[in-house]
There are 2 protein chains.
Amino acid sequence: MPNSASVSADPSALYYVGIQPEQSVLESSFSSDDILTAVADGYDVLALPVTNPSFRARVTSLASPPPSTAQPYPIIAPPTLSEVNLPPDSPYTPHVFALASKWIELDSNDERVANLSAQILKHELAYAAFCGIAYVVVPGPKRRNNVSRYAEALSSALQAAPFTNIVLHLAMAEYVEDDQASSVLNDQMSIWDIWNSIRTMCDYPSRLSVGLQVPPRLPTQAVLSRWFAEPVTILFISGKVFLHNSKGYPVLSKAHQYFMFKFLKLRPYTILQDIRESTQVRINRKPSSKDDESAYLIYVRHLHTTLPPPTAIEKFGASYEDYLQNPLQPLSDDLESKTYEVFEKDPVKYDQYEKAIYQALLKSKDSSPLTVAVLGAGRGPLVARALKAAKSAGVSINTFAVEKNPSAYVYLQKRKELEWGDSVEVVFGDIRSWRPAHGADILISELLGSFGDNELSPECLDGVKGVLKPSGIMIPQSYTAHLTPAMSPKLYATIKAQNKDEAAHTPYVVLLQAVDLLSSSIHQAWEFSHATTTKSKPATLYEVDTSLQATSISGGNRVGTSNEHNARYSKGRFLCENRGVMHGFAGYFESVLYNDVEISTRPDTINKKSKDMVSWFPIWFPLPEPLYVPDNSEIEISIWRKTDNRKVWYEWSVETFVSLPGATSDRHLSSSSATAYASSSRRIRLACSQLCNPNGKFSSMNL
Amino acid sequence: MPNSASVSADPSALYYVGIQPEQSVLESSFSSDDILTAVADGYDVLALPVTNPSFRARVTSLASPPPSTAQPYPIIAPPTLSEVNLPPDSPYTPHVFALASKWIELDSNDERVANLSAQILKHELAYAAFCGIAYVVVPGPKRRNNVSRYAEALSSALQAAPFTNIVLHLAMAEYVEDDQASSVLNDQMSIWDIWNSIRTMCDYPSRLSVGLQVPPRLPTQAVLSRWFAEPVTILFISGKVFLHNSKGYPVLSKAHQYFMFKFLKLRPYTILQDIRESTQVRINRKPSSKDDESAYLIYVRHLHTTLPPPTAIEKFGASYEDYLQNPLQPLSDDLESKTYEVFEKDPVKYDQYEKAIYQALLKSKDSSPLTVAVLGAGRGPLVARALKAAKSAGVSINTFAVEKNPSAYVYLQKRKELEWGDSVEVVFGDIRSWRPAHGADILISELLGSFGDNELSPECLDGVKGVLKPSGIMIPQSYTAHLTPAMSPKLYATIKAQNKDEAAHTPYVVLLQAVDLLSSSIHQAWEFSHATTTKSKPATLYEVDTSLQATSISGGNRVGTSNEHNARYSKGRFLCENRGVMHGFAGYFESVLYNDVEISTRPDTINKKSKDMVSWFPIWFPLPEPLYVPDNSEIEISIWRKTDNRKVWYEWSVETFVSLPGATSDRHLSSSSATAYASSSRRIRLACSQLCNPNGKFSSMNL
């Protein structure tokens with residue numbers, strides 16, 4: 001609903017600002033004209049209570065306890081014309097957000113109060129829905145110990161108004177007022193915790209979101225990151241939160257500005273409160289004075305135009321935030337030209353490869369002319385970089401480009417014709433069966449997926465080991481997979497909405513935004529190494545059960561066909577300082593291309609190793625059900641890379657624990673006899689997930 | 001697979017007994033003849049290891065770490081003829097249970113050992129499956145900290161042998177040997193905990209069950225009750241557990257006998273171990289000596305014939321144990337004659353009603369002749385009891401039998417014709433619209449369901465309030481609903497297997513057997529009372545919003561149509577001393593018929609109030625997902641009885657907590673402002689369920 005006055009090509013027009021008039025203004029109803037005035041004043045929305053004090057007075061008189069306890073619940077008739085704030089006939093209701101009555105207590109311990117509150121909410125929602133209002137703001141719970149009651153009332157309300165979006169008005173965190181009247185955070189996650197319980201009980205309804213009250217003193221980064229992953233549709237900012245600059249105009253502190261810059265990525269509505277002057281009174285004043293409410297509006301809109309520029313990956317990934325994609329399978333599938341084109345947009349990756357190739361050429365220069373092969377050449381970008389590196393290094397190379405995608409092979413042929421000529425030989429075929437006449441000095445490949453090995457680079461490169469000279473160099477030398485537990489109600493709800501078992505048993509490639517990492521540590525799960533360290537012939541990759549070679553059909557003849565050596569298992573343990581809920585884990589990879597030339601997608605090392613590299617989004621491994629974890633709990637993630645020689649797949653499971661004070665010991669227990677060992681462990685188990693994707697039933701990669 | 005020698009009409013033939021020969025006997029393979037001998041000796045099954053020490057020797061030689069770390073996993077060829085114990089060609093394999101190798105370590109921290117163990121297990125399962133063996137016993141985990149690894153190996157094994165039942169061999173509990181060599185229970189639920197994690201990760205597979213090793217000293221009742229609710233298919237009993245009676249024959253202690261009596265309800269196989277003499281050696285000995293293994297067999301079979309007789313409800317409910325039924329809806333449906341017939345089998349209920357009617361008649365005798373009505377008379381059993389009570393009390397009554405089921409009405413007419421004559425007037429119609437010429441002195445009804453009010457007794461009886469004289473008596477006077485959290489993997493798996501959302505959002509009537517109550521307390525949720533305490537006209541049941549009577553269309557005219565007064569809400573808090581997993585909660589009811597005449601299905605009061613009453617099984621409210629609770633945790637169950645005047649339904653949700661040492665305080669928090677209150681609560685939230693059956697979407701009772 002853009003404000004017509006502010007529509008422009010300016011992207012800040014996408015950030016909507018509203019106003020909630022002060023209480024004193026709301027004594028009487030609003031008319032269509034009042035709404036129009038607010039819009040003319042430059043606001044996109046006007047936030048108004050549904051009902052007025054007359055309605056409250058009537059309800060209050062009914063609410064007093066009756067003489068007989070056999071009659072607990074008065075039935076409240078819906079509000080009449082003199083009791084509503086919103087005009088029923090306004091064409092401007094798209095510009096109105098409705099505020100349900102603040103004074104109701106859906107979670108009261110007094111059953112009458114709770115019951116009346118639920119009736120009032122339903123009436124107000126019904127009237128707002130009738131008027132066509134899309135968003136109704138509902139006050140959050142008043143207490144922490146009646147959350148189930150609140151959730152049921154909310155669930156009932158959601159059902160009663162099936163097209164209305166309900167926004168829960170919440171503080172970000174609880175504050176304790178101390179003597180100096182400075183606020184101190186007490187139990188910083190308590191409000192989030194209440195929100196989490198409510199939405200869990202309501203089963204992650206899509207029409208339920210959060211309206212955060214921005215406090216004068218912002219909570220910690222942990223709390224802000226937590227809310228950033230939640231469906232925040234409104235930010236309420238009181239005029240009292242603003243400072244005044246040297247000229248007397250209202251401004252936000254640097255901390256608040258930074259907060260706004262971050263949270264505007266979620267595109268919430270910003271609703272200003274406690275700004276002196278109503279829309280009606282304002283008309284009579286001189287415009288644009290420092291105390292004028294429009295000064296606040298002007299400032300906020302100004303903020304929208306001064307957002308920091310997007311990072312490389314934000315720019316590259318615009319509109320892909322939290323968008324789940326199935327990982328590519330370039331081995332079993334043939335990619336399209338435009339897919340390769342997107343890959344080739346990433347300058348950093350190819351720069352790193354070029355650096356690595358350059359160093360490898362220098363190292364091997366004595367054996368010049370060198371045989372260099374690009375395995376899985378695609379449309380040839382690594383071939384171009386190899387030629388460039390050879391020129392810089394002054395080394396003569398014979399280059400091969402091997403590709404199994406027949407259409408990409410045609411593209412390579414064209415490049416050979418137009419650019420490379422005889423310096424490059426283009427080979428059509430699977431790299432696993434490529435047998436050149438002479439061994440290669442340098443083998444270059446980029447068969448990496450968001451989790452490193454998930455595009456089956458290990459299996460592909462196993463097949464070329466025989467091609468490399470004993471002194472040859474593989475680029476990349478090795479790669480590792482990394483993971484860390486995370487919360488993402490958005491991804492969870494999206495996956496659940498697919499309503500298919502396999503949806504939660506398959507990993508996705510996704511640019512993570514509305515995601516909160518639950519631990520500060522990232523675990524390295526495993527490594528694949530292709531570095532050759534000795535000059536000896538490459539060892540066979542597994543032992544043959546030679547004792548049976550003569551007699552067994554299977555054992556003796558299986559040289560070279562088993563993929564079992566590429567199976568992996570890892571268990572990571574993570575400390576979660578702040579309570580939260582785990583919906584899955586994020587995965588990254590790192591790779592040593594050669595020497596000190598590396599690439600990484602780990603958020604804590606990417607800037608150091610390959611800043612602004614955009615080629616890979618993280619990977620996301622979901623869980624079928626969310627796992628709640630309290631403060632100072634531990635999450636253990638077990639993950640397997642499994643294979644049956646025809647395909648490769650991941651399996652994963654999660655266990656959660658919390659440690660209580662006391663000695664920890666872990667002893668061997670004997671299951672079948674009656675002996676056991678003393679244990680004074682106070683590490684208590686909290687929950688465990690299913691084992692996901694058992695036997696690759698739901699997702700796998702074909703060899 | 002009954003042993004042909006023991007097939008008889010004797011129900012003890014349903015209890016199978018097997019033998020696991022001693023280790024020394026298993027040096028060489030078994031032949032078909034050996035299996036047949038065991039069967040001839042009176043055993044139903046023979047438990048044999050799949051492979052022999054030759055196989056183990058071969059594997060061990062392969063398992064030693066190789067020179068190069070690049071070759072972690074030897075591939076073990078499957079066992080050959082000289083390495084297996086089971087003959088591949090035996091027609092008696094239905095009588096064989098296979099034992100996977102005890103020495104494997106699926107959960108080893110050493111990856112080679114874990115990997116080899118998994119290979120061995122798969123080979124052994126494959127061979128057992130080939131032979132057609134239905135049950136394979138697998139050793140449980142050796143440690144507690146690698147459960148996820150064990151679970152994955154087991155999941156893989158289950159997939160590899162898709163028709164084989166896997167029985168996990170486990171101790172019941174961990175014991176600590178102290179100086180006196182008497183065993184002391186250390187962490188009594190730890191083994192169960194490990195089992196629970198494994199089956200949870202494997203997603204409650206139907207082919208996975210438990211083989212319990214019965215210890216010399218039984219664990220606590222809590223542990224026994226816990227295992228009783230699990231899928232126990234085998235009880236392993238060592239000869240060393242037996243005592244010897246005065247004549248020297250092997251017997252079990254009283255505690256063990258009691259244990260056997262209880263657990264035999266699950267129909268497990270009993271497998272005897274460590275009994276001297278193999279089947280082969282035995283043939284050479286004189287039969288029936290006190291040390292003879294057959295003495296053990298004879299004793300166990302004897303036990304089977306001395307089981308305590310079933311209780312009334314066990315007899316009544318035989319074959320209905322853990323069988324989920326949708327609750328009856330006698331209001332909206334018309335029941336069949338045979339359904340009434342089953343009701344009428346319960347003598348206790350009708351005795352109690354007769355007692356209550358008798359006392360009510362005595363109380364009202366001065367107003368004789370009395371008008372007595374049976375509301376919802378069915379086939380008339382309460383009418384008969386009313387007449388009988390009146391005769392005993394020497395009170396003259398005019399009896400009405402009101403029934404809306406037209407076919408039952410026909411049945412009542414027949415009874416009137418044959419038995420009652422003019423003493424009973426039979427009325428066809430809904431009791432809610434019955435308007436007799438004169439008021440009634442006593443109104444009798446039995447409209448109660450397993451949760452008390454779930455067959456809509458409150459709504460039905462609301463409609464007859466106007467029929468009762470001011471001094472009249474309602475039977476029942478009141479009824480209450482009760483609930484307690486419980487574990488039942490069986491019910492959970494059954495509901496889940498239905499694969500429909502509504503299955504977990506609907507209550508069931510079920511005779512609970514494989515169910516473990518998690519708390520010692522049962523919470524009374526709510527009450528419905530029909531007692532009239534004053535002589536005044538019954539008050540209207542709700543307040544009309546009179547301020548709007550003149551102007552509102554709805555408010556003023558709604559006298560008598562709202563059912564809101566029959567809505568209920570309750571929250572029960574339960575302490576769970578022993579960790580467990582909650583799959584739902586069991587529900588019961590109690591009712592005061594009149595004065596001190598009561599009926600109850602609560603397990604802790606049924607014997608006192610209405611012993612052997614079989615008419616009602618408990619009710620079961622499921623949860624869509626299991627909730628694990630640690631030791632000394634708290635479960636809060638919130639339940640609502642809701643109504644929209646057309647139907648009535650239940651909604652429920654569960655939250656779990658654990659209290660850590662520290663002051664507990666619960667303060668009011670203000671959500672929309674920046675003030676808050678200090679809280680030093682150390683009660684931490686662990687998890688919460690969905691709100692089940694929101695808005696009666698999945699299950700409800702029609703008015």
Side-chain angles (χ1 to χ4, degrees), chain A residues 68 70-71 73-77 139-140 143-145 148 151-152 155 159 169-171 174-177 183 186-187 197 200-203 213 215 539 542-543 545 548 552 555 562 564 625 628 630 638 640 651 653 655 666 668-669 671-672 674-676 678-679 684 686-688 690-691 694-695, chain B residues 68 70-71 73-77 139-140 143-145 148 151-152 155 159 169-171 174-177 183 186-187 197 200-203 213 215 539 542-543 545 548 552 555 562 564 625 628 630 638 640 651 653 655 666 668-669 671-672 674-676 678-679 684 686-688 690-691 694-695:
Chain A
S68 157
Q71 299 161 43
Y73 304 140
I75 291 182
I76 298 170
R143 48 190 59 73
R144 22 166 134 214
N145 68 344
S148 62
E152 187 274 328
S155 168
Q159 298 279 353
H169 188 197
L170 299 169
E174 278 190 271
Y175 284 86
V176 176
E177 300 271 353
S183 307
N186 181 43
D187 183 10
S197 297
T200 302
M201 288 189 203
C202 292
D203 201 21
Q213 187 70 40
Y542 63 96
E543 274 182 31
D545 191 345
L548 297 169
S552 151
S562 169
E564 196 56 33
E625 294 302 323
Y628 179 89
S638 299
W640 291 261
E651 294 183 29
S653 70
E655 298 162 89
D666 228 331
H668 192 272
L669 63 88
S671 63
S672 53
T675 57
S679 167
I684 66 176
L686 293 177
C688 62
Q690 281 182 34
L691 175 66
N695 217 42
Chain B
S68 158
Q71 298 162 46
Y73 305 139
I75 291 182
I76 298 170
R143 49 190 60 75
R144 19 165 136 215
N145 68 344
S148 63
E152 188 274 328
S155 168
Q159 297 280 355
H169 187 197
L170 299 168
E174 278 189 271
Y175 284 86
V176 177
E177 298 270 353
S183 305
N186 181 43
D187 182 9
S197 298
T200 301
M201 289 189 203
C202 292
D203 201 21
Q213 187 69 41
Y542 64 96
E543 274 182 29
D545 193 344
L548 297 170
S552 151
S562 168
E564 197 56 33
E625 295 300 326
Y628 179 89
S638 297
W640 292 260
E651 294 184 30
S653 70
E655 298 162 89
D666 227 330
H668 191 274
L669 64 89
S671 63
S672 53
T675 57
S679 165
I684 65 175
L686 294 177
C688 64
Q690 283 181 32
L691 174 66
N695 217 41

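Heavy atoms only: backbone and side chains are in, while hydrogens, waters and symmetry mates are out. Sequence lines set the chain letters: A, B, ... in the order given, protein chains first and strands last, and positions in each chain run from 1.
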task: Identify which part of B:Glu625 has an atom lying under 4.5 Å from any heavy atom of chain A, answering side chain, backbone, both or neither.
output: side chain
message: Using heavy-atom distances under 4.5 Å, tell me whether A:Glu564 contacts chain B through its side chain, its backbone, both, or neither.
response: both
message: Under 4.5 Å from any heavy atom of chain A, what part of B:Ser653 do you find: side chain, backbone, both or neither?
response: side chain
message: Quick check: do B:Asn695 and A:Ser155 have side-chain heavy atoms less than 4.5 Å from each other?
response: no
field: Which portion of B:Glu152 sits near chain A, non-hydrogen atoms under 4.5 angstrom
entry: both
message: Please evaluate residues A:Cys202 and B:Leu691 with respect to the criterion side chain to side chain contact (heavy atoms under 4.5 Å, CB included), reporting the C-alpha separation (whole Å), side-chain torsions for both, the decisive distance (0.1 Å), and the verdict.
response: CA-CA 6 Å; A:Cys202 292; B:Leu691 174 66; 5.6 Å; no
statement: What one should report as the nearest heavy-atom pair of A:Ser638 and B:Ser148 is OG-OG, 2.5 Å
